[in-house]
Amino acid sequence: MDIRVQPATFDPGAEANAFTAASRGSGAVVTFTGIVRDTEAGTLRHLEIEHYPGMTASSIKAIAGEAVARWSLDAVLVIHRHGALAPGEAIMMVATAARHRAGAFAAADFLMDYLKSRAPFWKKEVRTDGADWVDAKAEDEAALSRW
Amino acid sequence: MDIRVQPATFDPGAEANAFTAASRGSGAVVTFTGIVRDTEAGTLRHLEIEHYPGMTASSIKAIAGEAVARWSLDAVLVIHRHGALAPGEAIMMVATAARHRAGAFAAADFLMDYLKSRAPFWKKEVRTDGADWVDAKAEDEAALSRW
Amino acid sequence: MTVDLLYFAWVRERIGLPRERVDTDAATVGELITELAAREERYALAFSDLSALRVAVDQELSSLDAPLTGVREIAVFPPMTGG
Amino acid sequence: MTVDLLYFAWVRERIGLPRERVDTDAATVGELITELAAREERYALAFSDLSALRVAVDQELSSLDAPLTGVREIAVFPPMTGG
């Protein structure tokens, strides 16, 4: 279980390859990468991500541990950035390795749903025309009921 | 839509990064990588993958086109190898890019289910103690009914 | 009792502080929040819609009816938007 | 009529050929397969369990009751195991 909360950029492809190389015996690796999207109008300066340092890593570890147990994962990786992120930069990634594809897919999907609504991160859009905290979506909260 | 059927090895991480860089505007990228697993007993020499050249690329294109339309994907990539593959090598990968995570996950999951049972590939395990064609699994056929 | 209060995102911005230590006789997290809201306008503003608030007690997600006994750290924030 | 037959995986191995051209009066893919199975032991072996066979007609997945009229290429193979 590899959990990293950091301001620094990371290379999703290199991380995915290292993760796969370390999980020999797994037949299936799923990755999710979240990327900063510009606004429709192209006004985004950056996304500011705040987090709760005392709680972030431990809450992600708890979520990841549940995924490992539930889908018998061989390995799991979560990287989540905080601080100021420019459009096009990777915000975070999740990778899951399992013997078969169903477990790897379900676990990555589950992890994303929980990271969206249960890990202590908050996003603020800093635009050329103002700044606003991103509202949580009702559909993200609703997605948790799938699990 | 980038569809490749090839005997050559490929670098899943580099492909994922290039795919993500080309899909600016997408907030979510999901990848699946299938890897040759050794047998429990460690007897696998290689996996031999046969395909139907006249049909392979066109059938994958049809499946990928359906995924793009159904989940409004910004981009889709499918790489599938054939020939002799050693344990630990990547067999294939799928990548999907969409505005939000739900579409990217569903489309990648869908593509894998269809590639498993509807793209003309056949796997043979060549082991130190013999060789056998891999049987299709009832659960793989059943998985199609999800879509 | 004395408890450390942490604020995040727009709760932090409205209150104007990332953290503070408070003395309280409140029995629950909800009572403490109501007590603060009555104290100053900026708290009233931050806590005006309780349904928009989430709380963590000693770094675990919790709820407004959580008792304060033995608690050292309480965080108050909007619904999380990670991922 | 004349049609190209392609075989893959263990169907190919049992028949001993990757492809061949055959003349037939069969009306459907299924009739053609039955005709071949009656012709030689290796076909009978490859086609003994019709439920284990899949077919493509002119490079599209199809079924045993597909008509042969106008068809140029038929492929016979076990269930696919891609991915």
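Treat the numbers as computed from the prediction; the structure is a model and nothing was measured. Here is how names work: the chains are called A, B, and so on, in the same order as the sequence lines, proteins then strands, and each is numbered from 1.
Contact of C:A56 with chain A is made through the side chain alone, with heavy-atom distances under 4.5 Å. Heavy-atom distances place the backbone of A:H51, and not its side chain, under 4.5 Å from chain C. Heavy atoms closer than 4.5 Å to chain A are found nowhere in C:R54, neither backbone nor side chain.
Between C:F47 and C:I15 there is a side-chain heavy-atom pair separated by less than 4.5 Å. A:M92 has its side chain within reach of A:F32: a pair of non-hydrogen atoms, C-beta onward, lies under 4.5 Å apart. With a 4.5 Å cut-off on side-chain heavy atoms, C:V29 and C:V71 do not count as touching. By the 4.5 Å heavy-atom criterion applied to side chains, C:L17 and C:L5 are not counted as neighbours. Side-chain contact between A:Y52 and C:Q59: present, with at least one pair of heavy atoms (C-beta onward) separated by less than 4.5 Å. Side chains of C:V3 and C:R21 form no contact here, defined as non-hydrogen atoms less than 4.5 Å apart. By the 4.5 Å heavy-atom criterion applied to side chains, C:I33 and C:V55 are counted as neighbours. Between A:R81 and A:V36, every side-chain heavy-atom pair lies at or beyond the 4.5 Å cut-off.
Looking only at atom types and distance, the side chain of C:E35 has no donor-acceptor partner in the side chain of C:Y43 under 3.5 Å away.
Here A:L47 contributes atom CG and A:T39 contributes atom OG1; the two are 11.5 Å apart, rounded to the nearest 0.5 Å.
Scanning residues 54-77 of chain A against chain C with a 4.5 Å non-hydrogen threshold yields A:G54, A:M55, sorted by number. The stretch residues 112-140 of chain A places A:M112, A:L115, A:K116, A:S117, A:R118, A:A119, A:P120, A:F121, A:W122, A:K123, A:K124, A:W133, A:V134, A:D135, A:A136 near chain C, each with some heavy atom under 4.5 Å from a heavy atom of that chain.
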Any chance you could lay out the side-chain contact (heavy atoms from CB on, under 4.5 Å) test for C:M1 and C:D23, step after step, and finish with the verdict?
CA-CA 6 Å; C:M1 62 174 291; C:D23 278 306; over 6 Å; no
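Per-residue counts of heavy-atom pairs under 4.5 Å with chain A were compared for C:E60, C:E73, C:E13; the largest is that of C:E13.
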